[in-house]
2 protein chains.
Amino acid sequence: MKPKITLKDIARELEVSISTVSKALKNSEEISRDTKDKIQAFAKLYNYKPNNIAVSLKNRRTKNIGVIIPDIVHHFFTTVIRGIEKYANAKGYNVLVCVSNEGYEREVINMELLANGSIDGFIMSLSTETQQKNDYNHIKEVTDQGIPMVMFDRVTDRINCDKVVIDDAQGAFLAVKKFVESGKKKIALITTDDYLSVGKARTEGYKKALSHYNIPLEESLILKLPSMEVEASAFDTFFKTQEVDAVLCVNEIFAIHAMRLAHGMNKRIPEDISFIGFTDGLLSKFAMPSLTAIAQHGELMGEEAARMLIEKVETENEEETFSTTVLEPTLIERDSTL
Amino acid sequence: MKPKITLKDIARELEVSISTVSKALKNSEEISRDTKDKIQAFAKLYNYKPNNIAVSLKNRRTKNIGVIIPDIVHHFFTTVIRGIEKYANAKGYNVLVCVSNEGYEREVINMELLANGSIDGFIMSLSTETQQKNDYNHIKEVTDQGIPMVMFDRVTDRINCDKVVIDDAQGAFLAVKKFVESGKKKIALITTDDYLSVGKARTEGYKKALSHYNIPLEESLILKLPSMEVEASAFDTFFKTQEVDAVLCVNEIFAIHAMRLAHGMNKRIPEDISFIGFTDGLLSKFAMPSLTAIAQHGELMGEEAARMLIEKVETENEEETFSTTVLEPTLIERDSTL
DNA sequence: AAAAGTTACGAAACCGTTTTCGTGTTAATA
DNA sequence: TATTAACACGAAAACGGTTTCGTAACTTTT
């Protein structure tokens with residue numbers, strides 16, 4: 001049990017002042033070679049490391065970035081975190097992860113907690129509940145305090161800050177394009193309610209693509225689920241009542257579930273019915289048949305978000321100027337499409 | 001842009017001393033009702049929140065706990081984090097997540113960084129590289145400083161600290177039991193090299209179960225992969241040369257891959273060949289057929305680890321006494337077994 | 001009316017750094 | 001030799017809180 005050594009300890013031991021020690025360890029020109037050598041050697045011997053908290057207090061910079069995500073047990077978000085970590089660590093920053101658990105309350109609490117000096121900036125993705133309530137005052141308060149903020153994926157234009165998203169509409173467009181080009185005509189969409197920003201954009205892209213390819217839009221081919229949970233009965237009735245030859249799903253789970261149903265109805269995949277799912281995660285790769293997917297490039301998104309944030313944190317923010325980076329989705333072709 | 005208000009600001013504005021403000025906000029008996037009311041009202045009006053960093057410096061307690069995991073894009077670890085978050089948040093702690101990316105170097109760097117005052121204690125799982133090198137000096141240094149530490153899942157007995165693991169051997173035993181009881185005789189094991197603590201324990205459990213059921217151990221039925229990566233060729237030759245009717249895999253991916261191969265060889269699952277995989281993750285649930293799995297109870301593990309850590313952090317550690325919690329695995333029966 | 005006890009507050013130390021500014025000593029210049 | 005400049009270091013303030021202790025002004029006790 002050897003407790004941490006401080007500047008004061010070194011100063012006392014070497015009979016110099018604290019300031020001298022501090023400067024010597026920073027290799028300041030002010031201090032003589034002899035004294036520096038002595039102090040540096042002593043510090044190394046006792047494995048001196050400055051106390052982060054004290055440094056943070058003094059510099060008003062913590063070198064921590066706060067990340068608020070809706071759910072950590074979710075492949076997409078973890079890839080984003082990986083990207084953030086990667087970039088942030090390389091720049092000497094730590095990542096403080098807080099999970100809102102898709103709830104408004106926890107999002108608020110976590111942000112307030114972190115905003116009181118624990119972090120230099122935020123990277124966040126909105127919880128569904130926050131999106132439903134459409135209440136962003138907690139975020140506004142943070143940005144008003146001058147704390148840099150980058151939102152990713154689930155963003156809102158009610159807040160003025162840097163953002164990084166993928167072009168969800170374009171992703172849906174790519175999927176429909178793929179279907180059309182392989183001769184599909186009755187293209188269904190399984191999505192969530194519109195309050196989820198991404199669900200909305202994807203639905204728009206789907207509709208746009210249909211009109212682009214002169215396929216009449218049939219509202220009955222759009223299945224809207226109230227949440228991200230799989231509601232088996234809704235799927236059942238949908239597939240029993242609708243005649244479709246291609247299905248675009250806004251997430252993997254929906255797609256896997258739908259494929260199972262189709263399989264159970266003795267349809268051949270992809271000949272009789274094709275599938276494409278958003279978010280190219282583990283399930284897509286390992287499904288049977290493997291699922292053609294629209295990749296969200298989470299890791300890239302995380303890196304970009306971290307880049308933007310650290311940029312803002314490290315520059316004396318003269319003018320408030322915000323930008324939105326739009327990443328292009330990619331279609332990963334597998335066995336669920338022709 | 002309204003910057004944070006400090007005690008000093010309030011004191012100046014209300015023409016009292018800083019100490020009075022501090023005490024008033026803590027509702028100290030020392031301060032008169034009148035003054036407290038005035039100060040509290042003012043503080044609320046200007047939304048005063050104490051600066052975490054300053055409080056941490058003074059109290060030498062950060063209310064942060066550091067979590068070091070090998071990989072964040074991994075279902076098991078994320079469930080553990082969820083458990084940690086859940087418990088820690090309820091106790092008013094934040095979670096600082098750092099990813100070692102299965103590397104020794106990053107593990108050391110991250111720990112040193114966090115150990116300099118950023119956190120009150122560690123929860124960690126060893127990177128594979130650290131386990132291979134068998135070098136735990138960086139961890140020893142941290143515990144020597146009196147920083148509380150809890151290790152989970154991938155632990156080592158070279159370090160004296162609290163631990164929480166699941167009984168991996170018992171998990172393997174359960175799986176073999178299941179196979180035997182459904183009439184299987186030629187039971188294979190697909191695992192990784194022994195340096196991974198969990199792989200070793202699982203292999204032991206497998207062997208123990210075989211002997212318990214009087215099934216001769218055939219080393220040729222054990223396929224050892226050098227890493228967690230799926231090596232397709234190794235799988236191929238194994239299944240071409242060995243006659244098996246049940247396969248236990250140390251992770252989902254191995255199991256899914258093996259099932260595919262069996263499927264490709266026109267074997268019926270589970271009649272001709274059954275499968276069980278460790279780590280009851282998404283893939284197991286959504287595989288086709290769905291995979292019988294040994295649940296690791298990651299969330300529970302996380303909660304328990306957090307509980308142990310916070311217990312240590314919050315008690316004046318009189319005596320050094322460490323304990324290991326062993327969680328019981330559970331067999332989740334699905335369609336890949338009879 | 002003097003002694004003792006309360007009440008309500010402020011001064012100051014402290015946590016561990018960083019950084020500005022002042023100063024005693026020595027060396028270079030006039 | 002007196003003046004100035006360079007050098008090497010220390011004192012002290014600051015970051016934003018918490019907490020101990022001291023004390024002026026009253027109130028109560030004897």
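A note on names: the letters A, B, ... follow the listed sequences, proteins ahead of strands, and every chain is numbered from 1. This is a predicted model, so every value here is computed, not measured.
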Inset, instruction - Rounded to the nearest angstrom, tell me the gap between atom CD1 in A/I53 and atom C1' in D/dG17. - result: 13 Å
Legend entry - Distance below 4.0 Å between B/S22 side-chain N/O and D/dG17 OP1 or OP2: no
Inset, instruction - Assign A/S32 to base, sugar-phosphate, or nothing according to its heavy-atom contacts below 4.0 angstrom with the strands shown. - result: sugar-phosphate
Legend entry - Residue B/I31, side-chain atoms from C-beta onward, closest of D/dT18, C/dG10, C/dC9: C/dC9
Legend entry - Separation of C/dC15 P from A/N52 CG (nearest whole Å): 18 Å
Legend entry - Donor-acceptor pair (no angle test) under 3.5 Å: B/S19 side chain, C/dA11 base: yes
Legend entry - Value in whole Å for how far the P atom of C/dC15 lies from CZ of B/R61: 17 Å
Legend entry - Spacing of B/I68 atom CD1 and B/N110 atom CG [to the nearest 0.5 Å]: 5.0 Å
Inset, instruction - With rounding to the nearest 0.5 Å, note down the distance linking CG in A/L25 to NZ in A/K44. - result: 11.0 Å
Legend entry - Distance-only donor-acceptor test, B/K4 side-chain atoms vs D/dG16 base atoms, 3.5 Å: no
Legend entry - Distance in angstrom units between A/I18 CD1 and D/dA8 P, rounded: 22 Å
Legend entry - Options D/dT19, C/dG16, C/dC14, nucleotide nearest the side-chain atoms of A/T6: C/dG16
Legend entry - Integer-rounded Å distance: D/dG17 C1' and B/I10 CD1: 12 Å
Inset, instruction - Could you check whether A/K23 gets within reach of a base, just the sugar-phosphate, or nothing at all, counting any heavy atom under 4.0 Å? - result: base
Inset, instruction - Specify the separation, in whole Å, of atom CD of A/E29 and atom C1' of D/dC9. - result: 15 Å
Inset, instruction - Could you tell me whether the side chain of B/N101 and the main chain of B/G103 form a donor-acceptor pair under 3.5 Å? - result: no
Inset, instruction - Output the single nucleotide from D/dG17, C/dT17, D/dG10 whose closest atom is nearest the side chain of B/A54. - result: D/dG17
Inset, instruction - Using modelled atom types only, decide if a donor and an acceptor are shared between the side chain of A/K2 and the backbone of B/D144 within a distance under 3.5 Å. - result: no
Legend entry - Close side-chain approach of B/C98 and A/N94, heavy atoms under 4.5 Å: yes
Inset, instruction - Specify the residue among B/E30 and A/N51 whose closest nucleotide of DNA chain C lies further upstream toward the 5′ end. - result: B/E30
Inset, instruction - Using a cut-off of strictly less than 4.0 Å, decide whether A/K58 has a side-chain nitrogen or oxygen near OP1 or OP2 of C/dT19. - result: no
Inset, instruction - Would you indicate what A/T35 reaches in the nucleic acid, counting non-hydrogen atoms under 4.0 angstrom: base, sugar-phosphate, or nothing? - result: sugar-phosphate
Inset, instruction - State which of C/dT18, C/dG10, D/dT18 makes the closest approach to the side chain of B/V16. - result: C/dG10
Legend entry - Contact under 4.0 Å: A/R60 side-chain N or O vs D/dG16 OP1/OP2: yes
